[in-house]
Amino acid sequence: MAITGTFQISNWQENVTTSMENNCKISNAVVDQSYSGDIVGTSQIHYQLYYNSEGNARFTGYEVLTLTEDQSKKLILQHTGKFEGGSASAQFDVIDCNFDDNLIGKTGNFISKEGGKADYRIG
């Protein structure tokens, strides 16, 4: 059974770590999000992004998602994604979960929508 819902970005702090020719760069970002749907909680992601000369990006990162119902319950997600044409999408793996071992190893994805929202799916 798939786990689905929406998340909303609530804060995005990004800093350029390496500038290159043709406006290419590498950045680090820390992103806070709130989840609704089958999972209700908040998360923080640490992304590393590479931007090409057109402003498109490839990124990787780790997300710690904390459930609202019990702050001790956490999912750890490993992301690989891209930002192109104004839209972000990513695939991720559940690499740890301290409340449901069946989630470990599951894969998921998200596709961004307007207003800092994205639809997610696990499984």
Side-chain angles (χ1 to χ4, degrees):
M1 182 170 108
I3 297 170
T4 61
T6 301
F7 65 77
Q8 171 72 54
I9 294 172
S10 57
N11 189 29
W12 184 292
Q13 298 295 318
E14 186 170 341
N15 296 301
V16 175
T17 59
T18 306
S19 296
M20 295 166 273
E21 294 179 13
N22 301 320
N23 294 322
C24 296
K25 62 184 176 182
I26 295 175
S27 296
N28 288 322
V30 178
V31 181
D32 297 320
Q33 300 179 152
S34 58
Y35 277 76
S36 61
D38 293 335
I39 294 176
V40 177
T42 59
S43 75
Q44 186 170 80
I45 308 170
H46 292 261
Y47 282 133
Q48 188 159 42
L49 305 97
Y50 167 75
Y51 289 90
N52 66 19
S53 60
E54 288 87 41
N56 296 320
R58 298 280 181 176
F59 57 87
T60 61
Y62 290 92
E63 177 175 9
V64 178
L65 198 165
T66 303
L67 301 188
T68 300
E69 70 183 45
D70 182 346
Q71 298 286 304
S72 69
K73 293 182 177 181
K74 298 187 186 315
L75 280 168
I76 310 300
L77 309 176
Q78 181 179 19
H79 292 257
T80 302
K82 62 184 177 180
F83 175 80
E84 292 179 339
S87 179
S89 62
Q91 303 292 317
F92 55 82
D93 297 312
V94 178
I95 61 171
D96 200 3
C97 179
N98 68 355
F99 61 91
D100 185 349
D101 288 342
N102 293 320
L103 288 174
I104 298 171
K106 297 280 186 193
T107 61
N109 62 67
F110 76 77
I111 299 173
S112 69
K113 304 187 302 186
E114 291 186 23
K117 292 185 179 183
D119 293 325
Y120 69 84
R121 178 183 176 89
I122 301 173

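Values reported hereafter were calculated over all heavy atoms of this structure, with side chains retained and with hydrogens, waters and symmetry mates removed.
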Do other residues, nucleotides or ligands put more than 12 heavy atoms under 6.0 Å from [X] [atom1]?
X: D101; atom1: CG; result: no
X: D32; atom1: CG; result: yes
X: K74; atom1: NZ; result: yes
X: I111; atom1: CD1; result: no
X: F83; atom1: CZ; result: yes
X: K113; atom1: NZ; result: yes

To the nearest 0.5 Å, tell me how far [X] [atom1] sits from [Y] [atom2].
X: N56; Y: E84; atom1: CG; atom2: CD; answer: 5.0 Å
X: I76; Y: D96; atom1: CD1; atom2: CG; answer: 6.0 Å
X: N28; Y: N15; atom1: CG; atom2: CG; answer: 7.5 Å
X: E54; Y: N22; atom1: CD; atom2: CG; answer: 9.0 Å
X: N11; Y: Q13; atom1: CG; atom2: CD; answer: 4.5 Å

Is I95 reachable from V64 through a run of hydrophobic residues whose side-chain heavy atoms are each under 4.5 Å from the next? yes

Hydrophobic clusters join Ile, Leu, Val, Met, Phe, Trp and Tyr when side-chain heavy atoms are under 4.5 Å apart, directly or via other members; which others share one with I122? I3, F7, I9, W12, V31, Y35, I39, I45, Y47, L49, Y51, F59, L65, L67, L75, L77, F92, V94, F99, L103, F110, Y120

Please give me the minimum heavy-atom distance between S112 and A118, naming the atom from each residue. CA-CB, 3.7 Å

Stepwise, does the side chain to side chain donor-acceptor pair (under 3.5 Å) test hold for D119 with T6? CA-CA 4 Å; D119 293 325; T6 301; 3.2 Å; yes

Main-chain N/O of G5 paired with D38 side-chain donor or acceptor, under 3.5 Å: no

Distance-only, no hydrogens or angles: does the T80 side chain make a donor-acceptor pair with backbone N or O of Q91 under 3.5 Å? no

Verify whether one side chain among K25 and S19 offers a donor that lies under 3.5 Å from an acceptor in the other. no

Out of Q78, H46, Q33, Q44, which one pairs with E63 under the side-chain contact (heavy atoms from CB on, under 4.5 Å) rule? Q33

Taking the side chain as every heavy atom from C-beta outward, state whether V40 and E69 have any pair of such atoms under 4.5 Å apart. no

